[in-house]
Amino acid sequence: LEWQLRKSDTLNVVGELAAGIAHEIRNPMTALKGFIQLLQGSIKDDYSMYFDVIMSELKRIESIITEFLVLAKPQAVQYKQNDVCKIMKDTIDLISAQAMMHNVQIIADFEEKLPLLYCEPNQLKQVFINILKNAIEVMPKGGDIHVRIRKIGTDYVRISVTDQGCGIPQDKIKKLGEPFYTTKERGTGLGLMVSYKIIEEHQGKIDVESEVGVGTTFHITLPIERVDTDDEETGVYHI
Ligand code: ADP
Ligand code: MG
């Protein structure tokens, strides 16, 4: 428990700082891209391959910034009662083309008549996308992803995403959600950091179960009602 609190403090500071920086970087980036595209037409063919590299690296910076900006849009955040199954269904639709391309089948198993959750649908969608994308990426030869949604006791709903990928060694599980922790050659190591942060803002938690060579399950547990906290402003929650 103590460890969880320390980790969430770090996430708060890093998240806010990074989101602020991301905002500042985005405008000059847009200008850079525009002018480089303009130049492209007036330069010798010998150099055109350099342009491809420049554009692809700029796009990479852009994707890193986009992941951070999810954290930095307070004006777009709108908490209200939502159907979490509908949000997950929409997300699965969104990602189904990518899944199909990788020979991955997404199997949904949702409990019926679940209560509405007090949540921010776009942010939850972002979390579901990040976790489903990771699940697809760890199954290069294809496989099944099971998405289960269940009520837990009277106060919580749990969304579980199970893949048949490489799994995560026990000692690496605690690194998940750390900014820039990635084992992928072209990974950002930001998807889970953003997801942990969003779920924490929803007063929920993410637990990971994994067996190397068998697969991984991400459990997202969310409260049905928002619990009033002692100190909302500083994010210090008394448990
Ligand atoms: P990225 O996908 O860019 O690497 P993430 O924050 O989404 O960044 O994930 C961080 C790391 O966590 C991944 O690089 C991978 O090592 C590990 N990981 C996440 N999801 C899974 C999964 N379903 N199976 C195995 N490893 C995973
Ligand atoms: Mg990822």
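Every number for a ligand or one of its atoms is a count from 1 in the order of the listing.
Side chains of I224 and K151 form a contact here, defined as non-hydrogen atoms less than 4.5 Å apart. The shortest side-chain heavy-atom distance between L192 and Y181 does not fall under the 4.5 Å cut-off. Looking only at side-chain heavy atoms (C-beta outward), I199 and L124 come within less than 4.5 Å of each other. In this structure, I220 and H202 have side chains that are not in contact, with every pair of non-hydrogen atoms separated by 4.5 Å or more.
Residue F180 is grouped with residue I173 when hydrophobic side chains (ILVMFWY) are merged at heavy-atom distances under 4.5 angstrom, including chains of intermediate members.
When only non-hydrogen protein atoms are considered, atom 14 (O) of ligand 1 lies nearest to T183 N, 2.9 Å. The nearest heavy-atom contact from the protein to atom 11 (C) of ligand 1 is Y181 O, 3.8 Å. The single protein non-hydrogen atom nearest to atom 2 (O) of ligand 1 is K184 NZ, 2.7 Å, given as residue, atom name and distance. Of the protein's heavy atoms, L176 CD2, 3.2 Å lies nearest to atom 12 (O) of ligand 1. Annotation: atom 26 (N) of ligand 1 to nearest protein heavy atom, I168 CG1, 3.3 Å. Here the heavy atom of the protein found nearest to atom 4 (O) of ligand 1 is T182 OG1, 2.5 Å. Scanning the protein for heavy atoms near atom 7 (O) of ligand 1, the closest one is N134 ND2, 2.8 Å.
Residue L190 approaches ligand 1 through these ligand atoms, each under 4.0 Å from one of its heavy atoms: 6 (O), 8 (O). Under a 4.0 Å criterion applied to the non-hydrogen atoms of D163, ligand 1 contributes the atoms 22 (C), 23 (N), 24 (N). The distance from ligand 1 to the heavy atoms of T216 drops below 4.0 Å at these ligand atoms: 24 (N). Annotation for ligand 1: atoms under 4.0 Å from non-hydrogen atoms of G187 are 3 (O). Close contacts of ligand 1 with T188, meaning ligand atoms under 4.0 Å from a residue heavy atom, involve 3 (O).
Expressed to the nearest 0.5 Å, how far CD1 of I21 lies from CD of E24 amounts to 9.0 Å.
Heavy atoms from other residues, nucleotides or ligands lying under 6.0 Å from CD of E57 number more than 12.
Residue contact check for ligand 1: G165 places no non-hydrogen atom closer than 4.0 Å to it.
At under 3.5 Å, not a single nitrogen or oxygen of F218, backbone or side chain, sits near a nitrogen or oxygen of ligand 1. Any N or O atom pair closer than 3.5 Å counts here, and L192 shares at least one such pair with ligand 1.
With respect to the salt-bridge test (charged N to carboxylate O, under 4.0 angstrom), the residues D90 and K86 qualify.
For the Mg ion (ligand 2), the set of nearby N, O or S atoms under 2.8 Å includes one belonging to N134.
Judged by distance alone, the side chain of R60 and the main-chain N or O of R186 form a donor-acceptor pair under 3.5 Å. A donor-acceptor pair under 3.5 Å is formed between the side chain of N82 and the backbone N or O of K80.
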